[in-house]
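This report concerns only the one structure given below.
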Amino acid sequence: MDLGLTGRVALVAAASSGLGLGVARALAREGAHVSIAARDPGRLARAHAEVDAAGPGKVLSTPVDLRDDDAVTAWVERTAAELGALHVVVTNSGGVPHGPADAFTPGQYREALEGSMLPHVTTALAALPHLRAAGWGRILMITSEAVRQPLPGTALSASARLGLLGFAKGLVHALGASGVTVNVLAPGCHRTPAFETFLEAHPAPDKETALKEITAEIPLGTVGDPEDFGAIAAFLAGEQASFVTGTVLVADGGNTRGLG
Ligand SMILES: NC(=O)c1ccc[n+]([C@@H]2O[C@H](COP(=O)([O-])OP(=O)(O)OC[C@H]3O[C@@H](n4cnc5c(N)ncnc54)[C@H](OP(=O)(O)O)[C@@H]3O)[C@@H](O)[C@H]2O)c1
């Protein structure tokens, strides 16, 4: 299926690894020009090469700390200036520590909001003038299944990301009939570098046992693949998803128990 993304300009935040990188590669494969950002320049350079190899479009990479509003705005402006427009904006961030609600200080809650919620808001707001000017746009926010099922150990994640859901819903109305849609992607466990670190910290005696224990709880009996996640995002970014806005797409192998 042609998603109509050839020549579109896409921006993917926190894209030197894992889910963000999977999405950036998928958009490049669909023919989009892709601008990526993350902090570590070495990892970003390797990601740049991977995204470049995935498709025919141009690739830009910019070292950005997404907690720095001015740096985010400068990245968005650089993207629009060098690639000529902006159409697809994928907001993303680093994760937060796991633990129950009473395990963290107010300062850690503040850090979670600054690290895992506000980068989405900053990136989306900086991109809005360009999306409105284009008269066509897609905003996709990578969050977590915690927005549908806040488990006991996801206090920081759920606090940061449920706030983001409120912002996303507000944006849908603020954007109205502008041609710009806003959707939230809610990943369950996916085999990314962050997930590998999570496995290492698991109380099971080794990573293999930890993985078995985790997948035993997931109805599909496996964890997700960042490439598949990228393909889902590319579909929502595509032409055919023009009537889909304000939704949460959960990709979790059936792990969420509620009907949400
Ligand atoms: N993988 C899963 O199973 C899973 C499940 C649910 C939710 N999530 C969420 O999905 C998001 C992505 O997870 P992932 O598994 O893809 O993680 P990952 O493989 O660790 O990738 C995280 C990316 O974010 C970048 N990043 C982190 N902090 C940043 C900052 N302050 N400024 C700019 N870039 C930053 C990292 O690069 P630098 O460190 O170089 O900046 C890296 O490119 C996270 O919020 C995570 O909590 C993941």
Side-chain angles (χ1 to χ4, degrees), residues 11-26 34-48 50-51 61-72 74-76 90-99 111-123 140-151 153-165 184-202 210-211 214-215 217-218 222-230 232-233 248-253 255-256:
L11 175 143
V12 188
S16 65
S17 169
L19 300 177
L21 178 56
V23 173
R25 273 196 303 250
V34 182
S35 173
I36 60 172
R39 291 168 301 179
D40 181 79
R43 206 148 67 129
L44 190 61
R46 289 191 290 280
H48 182 122
E50 280 188 42
V51 178
S61 51
T62 312
V64 175
D65 186 333
L66 293 161
R67 294 167 297 189
D68 178 341
D69 297 353
D70 292 340
V72 171
W75 169 48
V76 170
V90 182
T91 70
N92 188 20
S93 71
V96 291
H98 284 256
E111 271 174 36
L113 295 181
E114 284 175 358
S116 288
M117 180 202 171
L118 290 175
H120 296 261
V121 176
T122 313
T123 310
L140 300 175
M141 299 177 177
I142 301 178
T143 63
S144 162
E145 64 180 339
V147 301
R148 280 291 179 255
Q149 177 162 272
L151 291 168
T154 61
L156 289 182
S157 177
S159 299
R161 302 181 207 270
L162 281 163
L164 186 60
L165 230 54
V184 171
L185 293 161
C189 295
H190 282 71
R191 201 84 197 238
T192 67
F195 183 71
E196 296 298 330
T197 307
F198 178 69
L199 284 180
E200 277 155 22
H202 195 277
L211 184 62
I214 290 166
T215 53
E217 298 296 319
I218 300 173
T222 185
V223 296
D225 177 349
E227 290 302 306
D228 294 344
F229 187 81
I232 295 167
V248 176
L249 194 149
V250 181
D252 70 345
N255 192 40
T256 305

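We count ligands from 1, going down the list as the structure has it; atoms in each ligand are counted the same way. Residues take their numbers from the sequence shown, with the count starting at 1.
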Please confirm whether [X] comes under 4.0 Å of ligand 1, counting heavy atoms of the residue only.
{"X": "Val223", "answer": "no"}
{"X": "Ala37", "answer": "no"}
{"X": "Ser116", "answer": "no"}
{"X": "Arg161", "answer": "yes"}

Any atoms of ligand 1 less than 4.0 Å from a non-hydrogen atom of [X]? List them with their elements.
{"X": "Val64", "value": "32 (N), 33 (C)"}
{"X": "Ser93", "value": "11 (C), 12 (C), 44 (C), 45 (O)"}
{"X": "Asp65", "value": "30 (C), 31 (N), 32 (N)"}
{"X": "Asn92", "value": "11 (C), 12 (C)"}

With respect to [X], determine whether any N or O atom, backbone or side chain, lies less than 3.5 Å from an N or O atom of ligand 1.
{"X": "Glu145", "answer": "no"}
{"X": "Ser144", "answer": "no"}
{"X": "Thr192", "answer": "yes"}
{"X": "Ala38", "answer": "no"}
{"X": "Gly94", "answer": "yes"}
{"X": "Leu19", "answer": "yes"}

Less than 4.5 Å apart, side chain to side chain, heavy atoms only: is that true for Leu165 and Val184? yes
Note: His120, heavy atoms under 4.0 Å from ligand 1, region reported as neither
Could you check Val223, Ile218, Val250 and say which one makes a side-chain contact (heavy atoms from CB on, under 4.5 Å) with Asn255? Ile218
Do protein heavy atoms approach atom 11 (C) of ligand 1 to less than 4.0 Å? yes
